[in-house]
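Along the sequence shown, residues are numbered consecutively beginning with 1. Any value given below was found using the heavy atoms of this structure, including those in side chains, with hydrogens, waters and symmetry copies removed. All figures in this text were calculated on a predicted structure; none of them were measured in a lab.
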Amino acid sequence: ILPLVDLVCLLDRGAPERKASREPVHVVVISDGARRAGLMVDQIVDIVDERIEMRQASRMRGLLGSVVVGGRVTDLLDLHM
């Protein structure tokens, strides 16, 4: 059993909860030691293995900051909120 977290609800507390559907759901599974969770996302754009360097932290709740990965600006989630 894997707990699923809807990123829209996590990052935007005012967003309405999505209703359950029978359509396939995209899930990114993360683990931190013995803890695991699945983040429900609208789509997975790409998967890359790249060294990154964050230069500026974010002030937005739930985000650590942004970096350039594969030529695209990418937000880094703060999963220890």
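In the hydrophobic cluster analysis, where Ile, Leu, Val, Met, Phe, Trp and Tyr join through side-chain heavy atoms closer than 4.5 angstrom, Val28 is grouped together with Ile47. Ile30 and Ile44 fall within a single hydrophobic cluster, where Ile, Leu, Val, Met, Phe, Trp and Tyr side chains are chained together by heavy-atom contacts under 4.5 Å. No chain of hydrophobic side-chain contacts below 4.5 Å, direct or via other Ile, Leu, Val, Met, Phe, Trp or Tyr residues, connects Val68 to Leu77. A continuous path of Ile, Leu, Val, Met, Phe, Trp and Tyr side chains, each step under 4.5 Å between heavy atoms, connects Val29 with Met40, placing both in one hydrophobic cluster.
Each of Val41, Asp42, Leu39 was compared with His26 under the side chain to side chain contact (heavy atoms under 4.5 Å, CB included) criterion, and only Val41 meets it.
For Ser66, the side chain to side chain donor-acceptor pair (under 3.5 Å) partners at least two apart in sequence or on another chain are Asp75. With sequence neighbours excluded, the residues that form a side chain to side chain contact (heavy atoms under 4.5 Å, CB included) with Leu64 are Met54, Leu76, Asp78. Here Arg59 pairs with nothing under the side chain to side chain contact (heavy atoms under 4.5 Å, CB included) rule; sequence neighbours left out.
Side-chain atoms of Ser58 come within 3.5 Å of backbone atoms of Met60 as a donor-acceptor pair (strictly under, hydrogens ignored). Formation of a donor-acceptor pair under 3.5 Å by the Thr74 side chain with backbone atoms of Arg72 is found in this model.
Here the closest heavy-atom approach between residue Arg36 and residue Ser31 is recorded as CG-CB, 3.8 Å.
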